[in-house]
Protein chains: 2
Amino acid sequence: MKSVIPLMTTEVKTACSQCNLRELCLPFGLDPRDVDQLDELVGSRRKIKRQQHLYRSGEVFEAIYAIRAGSFKTDVILEDGRDQVTGFQMTGEVLGLDGISTEHHSCNAIALEDSEVCVIPFSRLEELSRQVESLQHQFHKIMSREIVRDHGVMMLLGSMRAEERLAAFLLNMSQRFTARGFSPSEFHLRMTRDEIGSYLGLKLETVSRAFSRFQEEGLVAVQQKHIRILDTPGLKRLLNHHVA
Amino acid sequence: MKSVIPLMTTEVKTACSQCNLRELCLPFGLDPRDVDQLDELVGSRRKIKRQQHLYRSGEVFEAIYAIRAGSFKTDVILEDGRDQVTGFQMTGEVLGLDGISTEHHSCNAIALEDSEVCVIPFSRLEELSRQVESLQHQFHKIMSREIVRDHGVMMLLGSMRAEERLAAFLLNMSQRFTARGFSPSEFHLRMTRDEIGSYLGLKLETVSRAFSRFQEEGLVAVQQKHIRILDTPGLKRLLNHHVA
DNA sequence: GAACGGTATTGATGTGGATCAAAGGGCTCC
DNA sequence: GGAGCCCTTTGATCCACATCAATACCGTTC
């Protein structure tokens with residue numbers, strides 16, 4: 001065991017090897033020796049207050065971000081003002097991959113609560129992943145996972161009815177909270193009904209009604225943003241047993 | 001300059017450096033010297049007949065595919081039989097990126113016409129992109145572009161009405177045909193109304209009616225799968241001037 | 001060149017979710 | 001700790017698209 005006496009800096013050293021999120025984040029699956037090499041990867045940390053932008057659509061892309069604490073939403077805005085939430089991100093997840101393609105961000109990333117991210121300069125990531133095979137592979141997996149997730153959302157938006165969409169959303173949130181060591185059945189949503197609606201292609205009233213309906217049917221207990229899932233199999237049944 | 005006298009083989013050497021699609025494909029933006037290195041990248045070519053699968057959801061992932069000729073659709077199928085087309089791909093575009101994340105494909109890729117692909121063993125791509133920086137970067141851009149495209153589809157599915165979706169689809173097709181040296185205004189769709197509908201989150205009847213309406217309004221001339229765009233600005237206006 | 005099956009068009013009707021509206025509740029910020 | 005405002009819920013009505021249905025068309029195959 002190494003010394004735990006901290007040096008006299010308020011700025012804690014940014015080190016993947018010391019991060020308790022590494023099993024969810026970029027270093028996942030890396031040999032401990034490789035993780036040590038990652039410690040030069042993170043440029044700095046950055047705190048983002050609730051409702052503030054981590055980056056905006058159109059800005060020059062220079063880094064991707066790993067969420068250390070808090071949560072975010074990403075959205076796309078059309079000229080005519082319509083907007084669409086494209087995702088919600090929690091700790092350990094990576095933000096900014098959209099910017100690689102054109103070297104400009106193509107969406108906005110906004111903190112849902114006071115948050116902190118690790119800034120990973122992209123050129124450094126590319127450089128390091130040319131040297132560390134396992135990092136390269138893990139990074140590719142993360143990008144691919146985002147593509148697969150997006151396909152799931154397309155399925156949801158293109159083929160599911162309102163209550164199915166919300167059930168899928170709740171099950172997904174539950175699963176992600178579980179992966180982070182939280183309760184699978186009880187959690188606090190950081191986003192509004194409007195934001196959930198935007199993500200699910202529904203109006204906020206429809207989201208609210210679906211929640212009320214789930215409550216009536218004993219599937220969940222809803223108290224504003226606090227959710228208790230009472231019948232996970234019931235929610236899953238809602239998804240799979242689709243009656244045409 | 002190397003000898004250009006071909007050996008006596010019917011099997012043409014698979015060579016990115018000789019391919020007229022390289023400006024659309026993986027080698028895009030690479031220094032000619034680097035492109036030469038890519039010639040060992042493509043394992044083989046594979047012909048796929050119309051309606052046949054290039055790969056299926058659940059299959060082990062080993063390679064990505066660059067389309068040399070023809071076109072494909074990708075779709076996701078739920079247990080209850082519902083399916084969603086997640087994309088249409090044309091020459092020079094890359095298929096199979098979904099498989100990296102779990103080492104299994106997560107969607108089906110089906111040829112819309114008799115087609116041919118270059119098989120790119122993924123381990124070889126990763127190896128080579130550790131050596132060739134420009135290849136690495138181009139590959140990352142391609143993955144990122146897919147993510148950005150998916151966000152566009154989410155916007156379409158989540159926030160647009162039927163005619164806007166179809167207009168967006170037609171403009172997108174036009175733009176991609178243009179990039180391949182074909183007419184921007186006249187082209188042949190390879191997919192059915194049902195497949196377009198699935199992609200756009202609409203029923204085939206709705207797609208058909210939207211086509212008829214565009215025709216009435218003089219925006220396009222439609223004859224089954226043959227499309228002539230008569231008023232591109234008109235289609236664009238349909239997209240941007242959304243009246244809430 | 002006739003027959004067939006998959007594809008497309010068009011019409012009539014139904015419905016899920018949007019829209020409009022109003023009231024209640026809780027969080028945030030001073 | 002209180003005021004204000006945003007967020008949420010619920011009800012009434014509307015409408016875009018789905019569904020059901022029938023016919024027409026086209027490319028393919030023998």
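To find a chain, count down the sequence lines: A is the first, B the second, and so on, and within it residues start at 1.
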*Asks:* Within this structure, what is the CD-to-P distance between Q215(A) and dT9(D), rounded to whole angstrom?
*Replies:*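 Atom-to-atom, Q215(A) to dT9(D), this comes out as 9 Å.
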*Asks:* Look at the side-chain N and O atoms of S212(A) and state whether any lies under 4.0 Å from the OP1 or OP2 oxygen of dT10(D).
*Replies:*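 It does, given that an N or O in the side chain of S212(A) lies less than 4.0 Å from OP1 or OP2 of dT10(D).
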*Asks:* Let me know the distance between CD of Q51(A) and P of dC27(C), rounded to the nearest Å.
*Replies:*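 The answer, rounded to whole Å, is 15 Å.
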*Asks:* Quick test: give all pairs of protein nitrogen or oxygen and nucleotides 12-18 of chain D nitrogen or oxygen below 3.5 Å, distance rounded to 0.1 Å.
*Replies:*
| from | atom 1 | to | atom 2 | distance (Å) |
| --- | --- | --- | --- | --- |
| dA12(D) | N6 | R209(A) | NH2 | 3.3 |
| dC17(D) | OP1 | A162(B) | N | 2.6 |
| dA18(D) | OP1 | K203(B) | N | 3.3 |
| dA18(D) | OP2 | K203(B) | N | 3.3 |
| dA18(D) | OP2 | T206(B) | OG1 | 2.2 |

*Asks:* Rounded to whole angstrom units, what separation is found between the NE2 atom of H226(B) and the C1' atom of dC25(D)?
*Replies:* 17 Å
*Asks:* Are any side-chain N or O atoms of S144(B) and backbone N or O atoms of L97(A), one a donor and one an acceptor, separated by less than 3.5 Å?
*Replies:* yes
*Asks:* Please lay out, stage by stage, how V119(B) and R45(B) fare under the test side-chain contact (heavy atoms from CB on, under 4.5 Å).
*Replies:* CA-CA 6 Å; V119(B) 180; R45(B) 294 205 195 140; over 6 Å; no
*Asks:* Run the ring-centre check on F88(B) versus Y199(B) and record whether the distance is less than 6.0 Å.
*Replies:* yes
*Asks:* For the pair F61(A) and H105(A), evaluate ring-ring contact (aromatic ring centres under 6.0 Å, His included) and give the outcome as yes or no after the intermediate values.
*Replies:* CA-CA 6 Å; F61(A) 165 79; H105(A) 286 288; 5.5 Å; yes
*Asks:* F214(B) CZ to dT10(C) P: how many Å, rounded?
*Replies:*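 For the pair F214(B) CZ and dT10(C) P, the rounded distance is 14 Å.
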*Asks:* Between E195(B) (CD) and dG6(C) (P), how many Å, whole number?
*Replies:*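 Spelled out: CD on E195(B) to P on dG6(C) is 14 Å.
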*Asks:* Need to verify one output field. Residue with the more 5' nearest nucleotide on DNA chain C, R50(B) or Q223(A)?
*Replies:*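 Upstream on the strand: R50(B).
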*Asks:* Take atom CZ of R180(A) as the centre, draw a 6.0 Å sphere, and report whether it contains more than 12 heavy atoms from other residues, nucleotides or ligands.
*Replies:* yes
*Asks:* If I take atom CZ in residue R193(B) and atom P in nucleotide dT10(C), what distance separates them, rounded to the nearest angstrom?
*Replies:* 11 Å
*Asks:* Compare every heavy atom of R46(A) with every heavy atom of L54(A), then report the nearest pair and how far apart it is.
*Replies:*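 Heavy atoms of L54(A) and R46(A) come nearest at O-NH2, 3.1 Å.
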*Asks:* Could you tell me whether T192(A) contacts a base, only the sugar-phosphate backbone, or nothing, with contacts defined as non-hydrogen atoms closer than 4.0 Å?
*Replies:* sugar-phosphate
*Asks:* Can you tell me the distance, in whole Å, between the NZ atom of K225(A) and the P atom of dC6(D)?
*Replies:* 13 Å
*Asks:* In whole angstrom, give the distance that lies between atom CD of Q224(A) and atom C1' of dC27(C).
*Replies:*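 Rounding to the nearest Å, CD of Q224(A) and C1' of dC27(C) are 9 Å apart.
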*Asks:* Please tell me whether Q84(B) and S198(B) have a donor and an acceptor in their side chains that are separated by less than 3.5 angstrom.
*Replies:*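 No, because no side-chain N or O of Q84(B) sits under 3.5 Å from a partner of the opposite role on S198(B).
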